[in-house]
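Each remark here refers to the structure printed beneath this line.
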Number of protein chains: 2
Amino acid sequence: MLFNNPQGFSRGLHHFHHRTAPLPAQEHTPVTLSPGDVMARSTAQRVSTVLRDRIEGGVLPPGTQLSEEALGQDLGVSRNTLREAFRLLVHDNLVEHQLNRGVFVRSPGPADVADIYRLRAALELAGVRAADEAPRALREAVTTAVAEAEWAADDGDWPAVATADLRFHRALAALSGSPRIDATMDRLLAELRLAFHAMPSPRGFHQPFLIRNRTIERFLADGRTDRAEAELTAYLDDARQLIVDTMLENRP
Amino acid sequence: MLFNNPQGFSRGLHHFHHRTAPLPAQEHTPVTLSPGDVMARSTAQRVSTVLRDRIEGGVLPPGTQLSEEALGQDLGVSRNTLREAFRLLVHDNLVEHQLNRGVFVRSPGPADVADIYRLRAALELAGVRAADEAPRALREAVTTAVAEAEWAADDGDWPAVATADLRFHRALAALSGSPRIDATMDRLLAELRLAFHAMPSPRGFHQPFLIRNRTIERFLADGRTDRAEAELTAYLDDARQLIVDTMLENRP
DNA sequence: GGCTAAGATGTTGTTCAACAATCCTCAAGG
DNA sequence: CCTTGAGGATTGTTGAACAACATCTTAGCC
């Protein structure tokens, strides 16, 4: 009975928040926004959010089977609704569906990580190349993300560093101003976070890359997009190689 | 009662055929491949294939509402199964799901086309840039696609030209050797085909671009990737602009 | 007339129960 | 050791039912 009170969903900030600044607090929105409420979400979508949190939080580690009966009873929803939620997670590549066997939390391997970085490179480089003509808000988002990562590093808050690092790279891809690129990038990064779960402590893993993020940001701010491009390419290659090697060491 | 005979599905060749050459006709496959049959597909997947065909074939034009009751009766499947099929189409951006209102065949507008071309550019340029290190089979696929397009043009078979043109650009993106890029590209091109439905006769629309495809292919074969990159960028910009303008003219 | 409010209607959202189809386990048999 | 077959467990699919919502129609009122 987890979903009987409609207010019980405080978690948010997942996919699809492509704004760069907080909204002006709903100026002229009518009080009764019942018909066509854009924010309204079905039960299946809320269930998928809960499962996303559990997966990314490590409660449901990679390889876990998501039993329809057990989970449905746990979350207080029917099997059919749970199935619809599963489809949404399949769309994000967080779980995989095997016919007649069920859905399992994906456990991305080195090949997956390498592939994710290939697509990341394509999207982020496209963003960097479009930086000159990008609106100011998008460029400022890049700078902000770097700064936030550095602040978090000063505090020794490594999870926050990881989050800010990913936000930085998402901001790079977002320079293209393309909703589809944003959505694709979001799904990629969520999958990448899942891959990190199969690795030992990412404690300080991001630290050596912080300075390189700043370097890229500086090149961009100075309009030297070609240098930024080269730096970013090297960055992604190094990160990919480091992760892949680490995964191969710990999972022979 | 469309699904009572399991053989009734002759349609194929849709998404996810990432081979470049026909398979060697199953050499050592055991006769009984029942357990874990990779080709096995659920009812929902088959239904989604049928709907995909009807959408791309124009039987279900953009804007059409896909009623659960009517379609379920027509196809001989239950509402729940049909809903699962809908989710798959939503994933491909061929239909959109509005809460409490149902699913509708998407009708991509000029903004969508422009966005699709942004993502296309990112993926295809990444492929071109990786052409030097790409395996030969992938590079040959590019050449083959251009040739097929030219043959079809000689025969005046414009639908075939359109198909070959899209295959050429998919082959470009596939040079990266990334399954995720391939899948993304497939979804993009399916959506683009849908956008074409809202346009007047694409008769000879692809013709002026045929020579440019050949130009790109030649640059690639000669290892002049930078020239290929420039040509491809110009190509995509021109095509996007032409389509967007045409859409704006015919739909004020 | 034109506007608002209250039904009337049809559709989707969700649940429940049942059955068919498939996979997995494990023990019996060659 | 390998194969074969129950048996049990899980998923795939169906049908019906009810709640929730959107839309259309009608009635009422200024």
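Here is how names work: the chains are called A, B, and so on, in the same order as the sequence lines, proteins then strands, and each is numbered from 1. Any value given below was found using the heavy atoms of this structure, including those in side chains, with hydrogens, waters and symmetry copies removed.
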Considering only residues two or more places apart or on different chains, which pairs with a residue in residues 166-193 of chain B satisfy ring-ring contact (aromatic ring centres under 6.0 Å, His included)? B:H169-B:Y235
Once you round it to whole Å, what is the distance between [atom2] of [N] and [atom1] of [X]?
X     : N      : atom1 : atom2 : result
B:R87 : D:dT13 : CZ    : P     : 16 Å
A:E84 : C:dT12 : CD    : P     : 13 Å
A:L99 : D:dT11 : CG    : C1'   : 9 Å
B:L82 : D:dG15 : CG    : P     : 13 Å
A:Q98 : C:dC24 : CD    : C1'   : 13 Å
A:Q73 : D:dT11 : CD    : P     : 13 Å
B:E69 : C:dT9  : CD    : P     : 17 Å
B:Q65 : D:dA22 : CD    : P     : 14 Å

Got a list of protein N/O to nucleotides 17-19 of chain D N/O distances below 3.5 Å?
none

Picking from C:dT11, C:dT15, D:dG12, the nucleotide nearest the side-chain atoms of A:R83 would be D:dG12
Nearest of D:dC21, D:dT13, D:dT14 to any side-chain atom of B:N100? D:dC21
Donor-acceptor pair between A:R46 and A:T43 side chains, under 3.5 angstrom: yes
Does the side chain of B:S78 come under 3.5 Å of the side chain of B:R83 through a donor N or O and an acceptor N or O? no
A:V105 and side-chain contact (heavy atoms from CB on, under 4.5 Å): which single residue from A:L194, A:L94, A:L51 fits? A:L194
State plainly whether the residues B:D115 and B:R120 are in salt-bridge range, i.e. N to O under 4.0 Å. no
B:E191 and B:I116: CA distance, side-chain angles, deciding distance, side-chain contact (heavy atoms from CB on, under 4.5 Å) verdict: CA-CA 8 Å; B:E191 196 182 348; B:I116 290 174; 3.8 Å; yes
Is it the case that the base of D:dG15 and the side chain of B:N80 share a donor-acceptor contact (distance under 3.5 Å, atom types as modelled)? yes
When you match B:H97 and A:R101 each to their closest nucleotide on DNA chain C, which lands nearer the 5' end? B:H97
Are OP1 or OP2 of D:dT13 and a side-chain N or O of B:T81 less than 4.0 angstrom apart? no
Give a yes/no on whether any side-chain N or O of A:T43 is located under 4.0 angstrom from OP1 or OP2 of C:dT14. yes
Quick one: list whatever passes side-chain contact (heavy atoms from CB on, under 4.5 Å) with A:D112, sequence neighbours left out. A:R106, A:P108, B:R180
